[in-house]
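Notes follow the structure.
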Amino acid sequence: MKKALRCQLVYIMLVVLFIVAVFMNINTGNVHISFGRIFKIIFLKAEAGTAGFNIIWKIRLPRLLSAAILGGALALSGFLLQTFFRNPIAGPFVLGISSGAKMFVAITMIFLLKYVSGMPLWAQVAAAFVGSLLAMLYVLIFANKVKSMSMLLVVGIMISYICSAITDLCITFANDSDIANLTHWAMGSFSGSSWPTVKLAAVVVFPTAVITFLFSKPISAYLLGEGYAQSMGINIKFFRVCIVLLSSLLSACVTALAGPISFVGIAVPHITRLSLKTTKPIVTIPAIFLCGSVFCMFCDLIARTIFSPSELAIGTVTAVFGAPVVIWLMVKQKR
């Protein structure tokens, strides 16, 4: 009874924080817009054509929705990787999966833009997905040979360095305009978000999140051991392939549309589980997605306002809050 009440309170708190984050992101910026005007502009479509209308509908709303959708996707990707490796510090950034996605997007941007005027968003996501799968393949090869989780972490960091080196090598042969675009994108930011970005993110992330939720029962059995999962009639090989594809697709979508963002995939699942005091996937999966959305929305708010009019990279802010969680997890695991 106490656990059920705690879960309800955590969900209520996350919903409240989500609503607060939405209003703060819309209201806060170089141009102040009152809550009354915000309500009229969003719900009544009033003041069409004015500066306030354009700021909300063309800049702030797409940006906060991108942060919400992609933040939830990144947290869910981290949860899937932690489930797959049974490792509390597994995540798309730490294991080099985000760097693999970044490498393929950079290569595609540099060589495709020579023949196509403007790189379509779907091509970015496809390139990032291929890159993340390739990086994940290397991690899996080493995971079968390396028993120590700390060594697996080192392998992931080395893969990340290799991918970054290849990316830098490609940038050497890029045009000045391509270098500027890649540098801005590689820092990680939701500033370039538009309605097409939001639509593509929603099309990729929401169905993937629903499929992940439908895997709650197999994930719950898998967490108790492969032998137990097999006794429950779960095809382990098929299940592992599905986990790899789902986590790679989520992290690839985030990297392609917002750039590489660190520590969200590690920190958020643990913060959520500690808050709920349960590891049941059917309870934690929606909460992890919602918590990732709230976390990224507040981090993005800090990134664009703390040194306004200058803007920080979103990865800088997420690292400030996420890195201490990772250090605490490593110390706890060592003990």
Side-chain angles (χ1 to χ4, degrees), residues 1-28 35 38-39 42-43 61 64-84 86 88-91 201-202 205-224 228-229 232 234 243 246-247 250 254 263-302 318 321-322 324-326 328-329 332:
M1 190 67 183
K2 285 183 179 179
K3 279 188 177 181
L5 182 62
R6 185 184 185 88
C7 290
Q8 288 174 8
L9 288 172
V10 169
Y11 269 98
I12 290 167
M13 183 184 72
L14 285 172
V15 171
V16 170
L17 286 172
F18 184 87
I19 294 167
V20 170
V22 167
F23 278 101
M24 287 185 71
N25 273 276
I26 294 175
N27 182 252
T28 308
F35 285 114
I38 290 170
F39 181 86
I42 292 175
F43 295 105
L61 267 178
L64 77 89
L65 289 173
S66 289
I69 295 168
L70 298 178
L74 201 54
L76 208 53
S77 175
F79 165 77
L80 288 169
L81 290 171
Q82 288 165 16
T83 300
F84 185 87
R86 295 193 187 90
I89 52 176
V205 172
F206 287 142
T208 311
V210 170
I211 293 168
T212 304
F213 181 74
L214 294 175
F215 269 85
S216 295
K217 192 174 179 180
I219 289 171
S220 184
Y222 183 79
L223 289 170
L224 295 172
Y228 178 79
M232 294 292 288
I234 295 167
I243 292 291
L246 290 170
S247 61
L250 289 168
V254 176
F263 295 106
V264 177
I266 305 175
V268 170
H270 287 287
I271 292 168
T272 310
R273 282 191 288 255
L274 286 170
S275 301
L276 292 168
K277 294 288 184 185
T278 182
T279 56
K280 288 182 180 178
I282 199 165
V283 177
T284 57
I285 286 172
I288 286 169
F289 189 93
L290 192 55
C291 188
S293 298
V294 171
F295 185 81
C296 277
M297 286 166 77
F298 276 111
C299 285
D300 185 49
L301 180 66
I302 293 167
T318 56
F321 294 106
V325 177
V326 177
W328 173 74
L329 287 168
K332 186 181 177 184

For [X], all residues meeting side-chain contact (heavy atoms from CB on, under 4.5 Å), sequence neighbours excluded:
X    : result
M13  : L17
L9   : L5
L61  : I26, I42, I56, W57, L64, W195
Y228 : A221, L224, S231, M232

Legend entry - F321 and F295 aromatic ring geometry - parallel, tilted or perpendicular at 30°/60° bounds: perpendicular
Which pair of heavy atoms, one from [X] and one from [Y], lies closest together, and at what distance?
X    : Y    : value
P218 : I234 : CA-CD1, 3.5 Å
V10  : S275 : CG2-O, 3.5 Å
P286 : P281 : CD-O, 4.2 Å
S247 : L81  : OG-CD2, 3.7 Å
A287 : L276 : CB-CD1, 3.7 Å
V294 : L14  : CG2-O, 3.8 Å

Atom pair [atom1]/[atom2] of [X] and [Y] - distance to nearest 0.5 Å:
X    : Y   : atom1 : atom2 : answer
C296 : L74 : SG    : CG    : 6.0 Å
F23  : F39 : CZ    : CZ    : 8.5 Å
L301 : N27 : CG    : CG    : 10.0 Å

Legend entry - Worked verdict on I69 versus F206 for side chain to side chain contact (heavy atoms under 4.5 Å, CB included): CA-CA 8 Å; I69 295 168; F206 287 142; 3.9 Å; yes
Please check if the side chain of [X] supplies one atom and the backbone of [Y] the other of a donor-acceptor pair under 3.5 Å.
X    : Y    : value
S216 : F213 : yes
S77  : A73  : no
Q82  : G265 : yes
N25  : A21  : yes

Legend entry - Pairs satisfying salt bridge (charged side-chain N to carboxylate O under 4.0 Å, His left out), at least one member in residues 282-300, at least two apart: R63-D300
Inset, instruction - Report the C-alpha separation of M297 and V22 in whole Å, then their side-chain angles, then the decisive distance to 0.1 Å, and conclude whether the side chain to side chain contact (heavy atoms under 4.5 Å, CB included) test is met. - result: CA-CA 8 Å; M297 286 166 77; V22 167; 3.4 Å; yes
Inset, instruction - Have a look at T212 and tell me which of L246, I288, I243 forms a side chain to side chain contact (heavy atoms under 4.5 Å, CB included) with it. - result: L246
Inset, instruction - Using the side chain to side chain donor-acceptor pair (under 3.5 Å) rule, collect all pairs that involve residues 280-293, keeping only residues at least two apart or in two chains. - result: none
Legend entry - Evaluation steps, side chain to side chain contact (heavy atoms under 4.5 Å, CB included), between F215 and I285: CA-CA 10 Å; F215 269 85; I285 286 172; over 6 Å; no
Inset, instruction - With side chain to side chain contact (heavy atoms under 4.5 Å, CB included) as the test, would you mind laying out the steps for R273 and F79 before giving the verdict? - result: CA-CA 10 Å; R273 282 191 288 255; F79 165 77; 3.4 Å; yes
